[in-house]
**Q** 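Handing you this structure, nothing more for now.
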Amino acid sequence: MRHSTAHIMAQAVQELYPGTKLGIGPAIENGFYYDFDRLQPFSDAELENIEQRMAQIIKQDLPFRKLEVGKEEAISTFNQKKEAYKLELINELGDTQLSLYQQGDFIDLCRGPHIPSAGKIPAFKLLSVAVAYWRGNENNKMLQRIYGTAQASPAQLKQYLNQLAEAKKRDHRKLGQELDLFSFSPEAGAGLVIYHPKGAILRGIIEDYEKREHIKRGYQPVIGPQLLKLDLWKKSGHYDNYRENMYFTEIEGQKYGIKPMNCLAHMLVYKSKLRSYRELPLRYFELGTVYRHEKSGVLHGLLRVRGFTQDDAHILCTPEQLNAEIVGIIDFVQQVMDTFGFSYTLEISTRPDKSIGSDEDWERATNALINALECKGLAYTINQGDGAFYGPKIDVKLKDAIGRSWQCATIQCDFTLPERFDLCYIGKDGKRHTPVMLHRVILGAMERFIGVLIEHYAGAFPVWLAPVQVKVMSITNEQDDYVHKVANKLLEHDIRVETDTSPEKIGFKIKEARLQKIPYMLIVGAKEKADVTVAVRKRGAGDLGGLEFDVFLQQIKQEINQKVN
RNA sequence: GCCGACGUAGCUCAGUGGUAGAGCAACUGAUUCGUAAUCAGUAGGCCGGGGGUUCAAGUCCCCCCGUCGGCUCCA
């Protein structure tokens, strides 16, 4: 249906703007796009015209007709129409028999299938114009792309448009500013995050949680340097394969690379002494800050930055231990994602063109990953050629509260770097063996994860994560002393609290705390002060009435300890 | 990096070549109030940076920085 809508859009465009040439027009998640070769970009007004023309075509209910033609006939058809891009596609297709689809006077090269007729499209809307390179190659001509959505019913279209609006409201860049979590500064540089106090608290809470979870699972914290000598990056293959993403510096004639990954230092820890098979597996964990020179155009709030901190670990183990280690990581991911209320799907990425290592190693590594997933009975899809340069990987795509998916966790299997670095252990047989290395992150990058979390919770963090958990406010300044008494009591129990003793009316104070999405407001007036109680107002639930202070304290402590979502 | 749009007060935004504006926030004063905005006043600007056109530039042109929407790439 979506693909058919793309055809109708192309028909409308060519009718309204003759001479516009066709690129391709596939269906995508929730919608479709079509690329057009045209000098000027489409304006909003033109988009509306196209939309109206499409509605007319749909009303006419033109049937989609499939035409089976030979290659020669297809070429002559598109030659006549001067559709150079379509001709390029036809020439690349090996098939001698091609299918075309036609509705009205419009004919397109297309594998199909299509709905029977245009009238079967219940609801659609054109969303935006953008530009894209022909065939995604930046050396090719830029085409004008129109994005649209088509849905099974007008109600579903409305729901989808609402979801887009909801996503916009949750934008972490907007919330990050409103909640005073972080900023960027052109003076500091693009893609470099400045954490404000509340953002730093949030990150600290997540990091503390992670450190404990890692130690529980037998990981050992290590810390590597921010710079390592250039020769080491040459040895690892980063210089050959990853140079364009790295920052370099030189001092006193010595060249250094700023680390874009943490694995080198972790291997140096391993190498610092002779290892026995009895020590393995060794699991080194680091909240490692790395810098990568990302192209300026790809930077995006916290989700794509140039300096970020990974919850990184490298596991060195024997080939026999590999399966159990991968399974252990998957369990770890599952437990952490449950805590934050995410579900997820899995993908395996295989060998890319630019890579190091032997084919046998790649096969062993890929099989190890597949094996572990099969053991766990987990479903996965294959992403051909999308692995890291040193090994294949399992990517975890998590799904947030409004159904969007994000890539955070990744597990990479590596037989190559341990060999390049001459890592070894003495086996049972008294001989030297090369260990296998697993690279893995659970949250991925703190920056990206925090960005995703902000959008997932729409800024309304559960109590255990909220930078300010409780705001205590007085009805009149007569209760200010009691406000501070309550706040100090909460502070003694490690609860993050703010007070509001301004001479404003209580409605105004509540409004401000609401905008800051603070989970609990404690409102105290003369009555509460006299009774040593607090009037509790819970985010999302409203006024809960009076509670004895100690009862409230126990309740919130329990909510924090259980990490209630 | 590439294409396009944008950049004016802390924030959101007006200002179409001729004296830099509003609302919110901030500050000062008054108000002491029971669950989503009390009133009055004050202050706040290298109009992103640099260069050019012009009698005159926030406004037009060029370069740089940054942001946004895409492409490509990625944790």
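Every chain is numbered from 1 and lettered A, B, ... according to where its sequence line falls, protein lines coming before strand lines.
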**Q** Pairs counted as Watson-Crick or G-U wobble with both distances under 3.5 Å: what dot-bracket string results for RNA chain B, using | for bases tied to another strand?
**A** (((((((..((((....[..)))).(((((.......))))).....(((((..]....))))))))))))....
**Q** Within the 4.0 Å heavy-atom criterion, would you say A:Lys527 contacts the bases, only the backbone, or no part of the nucleic acid?
**A** base
**Q** Of A:Phe184 and A:Met521, whose closest RNA chain B nucleotide lies nearer the 5' terminus?
**A** A:Met521
**Q** Would you call the rings of A:Tyr457 and A:Phe461 parallel, tilted or perpendicular if under 30° counts as parallel and over 60° as perpendicular?
**A** perpendicular
**Q** Could you go through nucleotides 46-50 of chain B and list every protein N or O atom that sits under 3.5 Å from one of its N or O atoms, giving the distance for each pair?
**A**
none

**Q** Roughly how many Å is it from CG in A:Leu192 to C1' in B:G66, rounded to a whole number?
**A** 12 Å
**Q** Could you check how far CD of A:Glu504 sits from C1' of B:G34, rounded to whole Å?
**A** 15 Å
**Q** Rounded to whole angstrom, note down the C1' distance from B:U8 over to B:C13.
**A** 9 Å
**Q** To the nearest Å, how far apart are A:Gln516 CD and B:C11 P?
**A** 15 Å
**Q** Does any non-hydrogen side-chain atom of A:Gln469 lie less than 4.5 Å from one of A:Val497?
**A** no
**Q** With no hydrogens and no angle check, do the side chains of A:Tyr344 and A:Gln407 hold a donor and an acceptor under 3.5 Å apart?
**A** no
**Q** Using a cut-off of 4.0 Å between protein heavy atoms and nucleotide atoms, how would you tag nucleotides 70-75 of chain B 5' to 3' with B, S and -?
**A** BBBBBB
**Q** Would you say the side chain of A:Leu443 lies within less than 4.5 Å of the side chain of A:Val452, judging by non-hydrogen atoms?
**A** no
**Q** Got A:Lys174 and A:Lys168 here, is their nearest side-chain heavy-atom distance under 4.5 Å?
**A** no
**Q** C1' atom, B:C47 versus B:C60: distance in rounded Å?
**A** 16 Å
**Q** For the CZ atom of A:Phe552 and the CG atom of A:Leu547, what is their distance to the nearest 0.5 Å?
**A** 8.0 Å
**Q** Give me the distance, rounded to whole Å, that separates B:A5 from B:A22 when you measure between the C1' atoms they each carry.
**A** 25 Å
**Q** Let me spell it out: for each of A:Gly542 and A:Ala190, pick the nucleotide of RNA chain B with the closest heavy atom. Which residue's pick is nearer the 5' end?
**A** A:Gly542
**Q** Within the 4.5 Å heavy-atom criterion, are A:His238 and A:Arg243 side-chain neighbours or not?
**A** no
**Q** Any base atoms under 4.0 Å from A:Glu528, or only sugar-phosphate, or nothing? Heavy atoms, all strands.
**A** base
**Q** Among A:Lys509, A:His484, A:Glu504, which residue meets the side chain to side chain donor-acceptor pair (under 3.5 Å) test with A:Ser474?
**A** A:Lys509
**Q** Would you say A:Gln177 reaches B:U12's phosphate, i.e. side-chain N/O to OP1/OP2 under 4.0 Å?
**A** yes
**Q** Between C1' on B:G69 and CG on A:Leu47, what's the gap in Å once rounded to a whole number?
**A** 14 Å
**Q** Identify the two heavy atoms, one from A:Ile201 and one from A:Pro467, that lie closest to each other, and give their separation to 0.1 Å.
**A** CG2-CA, 4.1 Å
**Q** Could you check whether any side-chain heavy atom of A:Lys527 comes within less than 4.5 Å of a side-chain heavy atom of A:Thr533, counting everything from C-beta outward?
**A** no
**Q** Report the distance from atom CG of A:Asp500 to atom C1' of B:U32, rounded to the nearest whole Å.
**A** 14 Å
**Q** Take atom NZ of A:Lys168 and atom C1' of B:G69, then tell me their distance rounded to the nearest Å.
**A** 10 Å
**Q** Please report the distance, rounded to the nearest Å, between CG in A:Leu299 and P in B:C65.
**A** 13 Å
**Q** I'd like to know if A:Gln144 reaches the base of B:G4 with its side chain, counting only an N/O donor and acceptor under 3.5 Å.
**A** no
**Q** Say we look at B:A9 and B:C27: how far apart would their C1' atoms be, to the nearest angstrom?
**A** 15 Å
**Q** Looking only at heavy atoms, which two atoms of A:Val536 and A:Asp543 are closest? And how far apart?
**A** O-OD1, 3.6 Å
**Q** In whole Å, what separates the P atom of B:U53 from that of B:G66?
**A** 28 Å
**Q** Rounded to the Å, how far apart are A:Ile510 CD1 and B:U38 P?
**A** 12 Å
**Q** Could you tell me how far B:C64 sits from B:C24 if I compare only their P atoms? Round to whole Å.
**A** 41 Å
**Q** Tell me what A:Gly507 touches on the nucleic acid: a base, only sugar-phosphate, or nothing, going by heavy atoms under 4.0 Å.
**A** sugar-phosphate
**Q** What's A:Ile506 touching, base or sugar-phosphate or nothing? Going by heavy atoms closer than 4.0 Å.
**A** sugar-phosphate
**Q** How long is the straight-line distance from CG of A:Asp35 back to OH of A:Tyr133, given to the nearest 0.5 Å?
**A** 13.0 Å
**Q** Please measure how far the P atom in B:A25 lies from the corresponding atom in B:G7, and state the result in whole Å.
**A** 25 Å
**Q** How are the rings of A:His439 and A:His314 set to each other: parallel, tilted or perpendicular (split at 30° and 60°)?
**A** perpendicular
**Q** Using the P atom in both, what is the distance from B:A56 to B:G44, to the nearest Å?
**A** 29 Å
